[in-house]
Amino acid sequence: EVVTKGGAQEDISIATNDELSEVVEYLRRMVRELEESKSLLEIKVAARTRELQELADGLEGQVKERTQELQKRLVELEKFNRLTVDREIKMAELKKEIRQLREEMEKVYRLYIADQLSVEGFGRQNRPLEERLKQLSQAGDRIQSDLVAMSRRSDELSSRLSVLQK
């Protein structure tokens with residue numbers, strides 16, 4: 001009864017040489033073995049708990065690192081998106097201005113064909129329009145080149161982002 005109530009530390013003493021003393025000795029050995037088993041089990045549980053905590057801490061660190069990397073890539077993609085949209089808007093503006101210049105050049109040409117403009121007058125009015133058209137075309141080429149490069153970069157970022165998400 002003492003052992004079942006957790007009082008295994010108490011010594012059971014009986015001074016006889018009969019079967020009862022053998023049972024008592026057997027019970028003492030069992031109590032010692034139970035205490036040793038309990039201590040060993042507590043050590044194993046504590047060690048496993050430490051291992052699991054270290055593993056959890058390591059996984060938490062990996063999650064934080066991946067989260068930071070994903071956030072970094074997301075910021076890059078958002079920046080890329082803003083740049084792309086800005087470039088697309090600029091391209092639309094350039095196309096509109098080019099269309100207007102061509103219309104203006106067509107008007108000047110019609111005036112020349114209708115003999116309402118001299119060759120010199122045609123040259124004076126048409127030359128600045130041609131120069132501006134050339135500038136706009138070059139700007140459009142640069143923007144187009146930027147968009148191609150940005151598209152490649154977007155593909156790289158998307159690829160790296162999908163790898164990180166796995």
Side-chain angles (χ1 to χ4, degrees), residues 4-6 8-9 32-166:
T4 59
K5 291 183 180 178
Q9 309 304 343
R32 280 192 303 273
E33 288 174 8
L34 284 173
E35 287 174 351
E36 288 172 7
S37 293
K38 180 182 170 193
S39 295
L40 184 60
L41 188 57
E42 287 173 349
I43 291 169
K44 287 181 179 180
V45 167
R48 185 65 179 148
T49 301
R50 274 192 309 277
E51 288 175 16
L52 291 173
Q53 186 60 48
E54 289 171 3
L55 181 62
D57 292 344
L59 290 174
E60 188 175 317
Q62 287 178 351
V63 167
K64 284 180 183 178
E65 286 175 18
R66 284 192 155 219
T67 300
Q68 288 173 346
E69 186 66 25
L70 284 170
Q71 288 172 338
K72 181 180 172 184
R73 297 293 175 235
L74 185 60
V75 167
E76 286 182 43
L77 283 171
E78 288 171 348
K79 180 180 175 184
F80 168 79
N81 186 48
R82 282 191 303 274
L83 288 173
T84 303
V85 169
D86 290 346
R87 301 264 193 226
E88 290 290 339
I89 290 170
K90 185 66 175 168
M91 277 298 277
E93 292 169 354
L94 285 174
K95 286 178 182 180
K96 181 180 176 183
E97 190 174 347
I98 288 171
R99 189 178 62 253
Q100 290 171 342
L101 279 172
R102 286 189 174 149
E103 289 171 3
E104 185 65 28
M105 290 172 77
E106 182 65 30
K107 287 179 190 175
V108 170
Y109 180 70
R110 274 192 242 124
L111 289 173
Y112 172 70
I113 294 296
D115 284 333
Q116 294 176 350
L117 264 180
S118 67
V119 173
E120 295 84 23
F122 176 77
R124 270 194 316 273
Q125 288 188 14
N126 199 50
R127 220 171 293 122
L129 296 173
E130 284 178 344
E131 283 299 315
R132 182 65 182 146
L133 183 61
K134 183 179 175 183
Q135 291 171 350
L136 293 175
S137 293
Q138 289 171 346
D141 290 344
R142 283 191 305 272
I143 290 173
Q144 189 66 35
S145 175
D146 288 349
L147 285 172
V148 168
M150 291 169 70
S151 176
R152 284 190 205 115
R153 178 70 176 143
S154 173
D155 291 344
E156 290 172 15
L157 288 172
S158 295
S159 170
R160 289 169 64 191
L161 190 60
S162 68
V163 167
L164 286 171
Q165 289 175 332
K166 292 180 181 176

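Each residue takes its place number in the sequence, starting with 1. Small disclaimer: the values here were computed from a predicted structure and weren't measured.
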Salt bridge (charged side-chain N to carboxylate O under 4.0 Å, His left out): which pairs involve [range], sequence neighbours left out?
range	value
residues 36-49	Arg48-Glu51
residues 110-119	Glu106-Arg110
residues 52-64	Glu60-Lys64

* Looking only at heavy atoms, which two atoms of Gly123 and Pro128 are closest? And how far apart? ->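 Smallest heavy-atom distance, with atoms named: O-CD, 4.3 Å.
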* Set of residues satisfying salt bridge (Lys or Arg N to Asp or Glu O under 4.0 Å) with respect to Arg32, sequence neighbours excluded ->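 Per chain and number, Arg32 pairs via salt bridge (Lys or Arg N to Asp or Glu O under 4.0 Å) with Glu25.
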* Please, which pairs that meet ring-ring contact (aromatic ring centres under 6.0 Å, His included) have at least one residue in residues 112-150, sequence neighbours excluded? ->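 Applying ring-ring contact (aromatic ring centres under 6.0 Å, His included) to every pair that reaches into residues 112-150, excluding sequence neighbours, yields Tyr112-Phe122.
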List for me each residue that meets side chain to side chain contact (heavy atoms under 4.5 Å, CB included) alongside [X], sequence neighbours excluded, and say none if there are none.
X	value
Leu59	Leu55, Gln62
Lys95	Met91
Glu65	none

Return a table of donor-acceptor pairs under 3.5 angstrom between the side chains of residues 129-147 and protein atoms on other chains or two or more places apart.
{"residue": "Glu130", "atom": "OE2", "partner": "Asn126", "partner atom": "ND2", "Å": "2.9"}
{"residue": "Arg132", "atom": "NE", "partner": "Glu97", "partner atom": "OE2", "Å": "2.9"}
{"residue": "Arg132", "atom": "NH1", "partner": "Gln135", "partner atom": "OE1", "Å": "3.2"}
{"residue": "Arg132", "atom": "NH2", "partner": "Glu97", "partner atom": "OE1", "Å": "3.3"}
{"residue": "Arg132", "atom": "NH2", "partner": "Glu97", "partner atom": "OE2", "Å": "3.0"}
{"residue": "Ser137", "atom": "OG", "partner": "Leu133", "partner atom": "O", "Å": "3.0"}

* With sequence neighbours excluded, residues passing side chain to side chain donor-acceptor pair (under 3.5 Å) with Glu78 ->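 Applying side chain to side chain donor-acceptor pair (under 3.5 Å) to Glu78 gives none.
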What's the spacing between [X] [atom1] and [Y] [atom2] if we round to 0.5 Å?
X	Y	atom1	atom2	value
Met105	Arg102	CE	CZ	8.5 Å
Glu120	Leu117	CD	CG	10.5 Å
Ser39	Leu34	OG	CG	10.5 Å

* Looking at side-chain heavy atoms only, is the closest gap between Gln71 and Thr67 below 4.5 Å? ->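 The answer is yes, as the side chains (C-beta and beyond) meet within the 4.5 Å cut-off.
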Extract all donor-acceptor atom pairs below 3.5 Å that involve side chains of residues 81-88 and protein atoms in other chains or at least two apart in sequence.
{"residue": "Thr84", "atom": "OG1", "partner": "Phe80", "partner atom": "O", "Å": "2.8"}

